[in-house]
*Asks:* 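Questions regarding the structure given below will be posed in turn.
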Amino acid sequence: MIMAQATARHILVDSEAKCEELKKAIEGGQDFAEVAKQHSSCPSGRNGGDLGSFGPGQMVPEFDKAVFNGELNTVIGPVKTQFGYHLLEVTSRS
């Protein structure tokens with residue numbers, strides 16, 4: 001059986017309010033990658049929040065669930081994990 005794979009990008013911040021604010025900015029036309037570069041506390045922020053390709057179980061459960069069940073190319077979140085609050089966008093899934 002072939003495992004599912006997804007590519008996604010995310011923005012990690014420390015509060016739900018900040019997450020909501022950034023989500024509105026992106027939905028209002030700001031570029032996801034630019035917002036990630038400016039605000040994400042994850043090292044991936046330098047690459048516009050790009051997490052590359054991964055399979056189920058490689059990320060924390062809450063993140064995993066959002067990535068493998070959420071809509072493609074839509075800003076999903078806030079998703080709370082032990083790291084903070086994420087906005088994420090699934091760019092592909094197979």
*Asks:* Check the orientation of H10 and F63. Use parallel for under 30°, tilted for 30 to 60°, and perpendicular for over 60°.
*Replies:*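 Judged by the thresholds at 30° and 60°, the geometry between H10 and F63 is perpendicular.
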
*Asks:* May I ask you to test the L22-V13 pair for a side-chain heavy-atom distance under 4.5 Å?
*Replies:*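 Counting from C-beta outward, L22 and V13 do come under 4.5 Å.
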
*Asks:* Within a strict 4.5 Å, meaning less than it, do heavy atoms of the P78 and H86 side chains meet?
*Replies:*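 Result no, sub-4.5 Å side-chain heavy-atom pair not found.
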
*Asks:* Around E27, counting heavy atoms of other residues, nucleotides and ligands shown, do more than 12 lie under 6.0 Å from its CD?
*Replies:*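 Yes.
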
*Asks:* If you group Ile, Leu, Val, Met, Phe, Trp and Tyr by side-chain heavy-atom gaps below 4.5 Å, do V35 and I76 land in one group?
*Replies:*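 The answer is no; the residues belong to distinct hydrophobic clusters.
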
*Asks:* For the OG1 atom of T7 and the CG atom of L51, what is their distance to the nearest 0.5 Å?
*Replies:*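 Rounded to the nearest 0.5 Å, the OG1-CG separation comes out at 9.5 Å.
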
*Asks:* Do the side chain of S92 and the main chain of A6 share a donor and acceptor less than 3.5 angstrom apart?
*Replies:*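 No; zero donor-acceptor contacts below 3.5 Å.
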
*Asks:* Is it true that F32 and F54 fall in one hydrophobic cluster, defined by side-chain heavy atoms closer than 4.5 Å?
*Replies:*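 Different clusters.
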
*Asks:* Taking a hydrophobic cluster as the set of Ile, Leu, Val, Met, Phe, Trp and Tyr residues connected by side-chain heavy atoms closer than 4.5 Å, whether directly or through intermediates, do I26 and L72 fall within one such cluster?
*Replies:*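 Different hydrophobic clusters.
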
*Asks:* Please confirm whether the backbone N or O of G57 pairs with a side-chain atom of D64, one donor and one acceptor, at under 3.5 Å?
*Replies:*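 Confirmed, D64 side chain pairs with G57 backbone.
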
*Asks:* Under a 3.5 Å distance rule, please check whether R93 uses its side chain to pair with a backbone N or O of A8 as donor and acceptor.
*Replies:*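 Not a single qualifying donor-acceptor pair exists.
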
*Asks:* Quick check against the 3.5 Å criterion: does Q58 have a side-chain atom that pairs as donor or acceptor with the backbone of G55?
*Replies:*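 Yes: the side chain of Q58 pairs with the backbone of G55.
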
*Asks:* Do any N or O atoms from the side chain of D50 and from the backbone of G52 form a donor-acceptor pair under 3.5 angstrom?
*Replies:*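 Here the side-chain-to-backbone pair exists.
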
*Asks:* From the options V79, I11, L87, select the one residue that forms a side chain to side chain contact (heavy atoms under 4.5 Å, CB included) with C19.
*Replies:*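 It is L87, the one option of V79, I11, L87 that forms the side chain to side chain contact (heavy atoms under 4.5 Å, CB included) with C19.
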
*Asks:* Give a yes or no answer on whether the side chain of D31 reaches the backbone of E34 with a donor-acceptor pair at less than 3.5 Å.
*Replies:*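 At least one qualifying donor-acceptor pair exists.
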
*Asks:* Would you say E62 and K80 make side-chain contact, with heavy atoms under 4.5 Å?
*Replies:*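 In short, these two side chains do not touch, never coming nearer than 4.5 Å.
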
*Asks:* Would you call K24-E21 a salt bridge at under 4.0 Å N-O?
*Replies:*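 Answer for the salt bridge query: no.
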
*Asks:* So F83 and D14, do their side chains get closer than 4.5 Å, heavy atoms only?
*Replies:*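 Side chain of D14 against side chain of F83, heavy atoms only: no contact under 4.5 Å found.
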
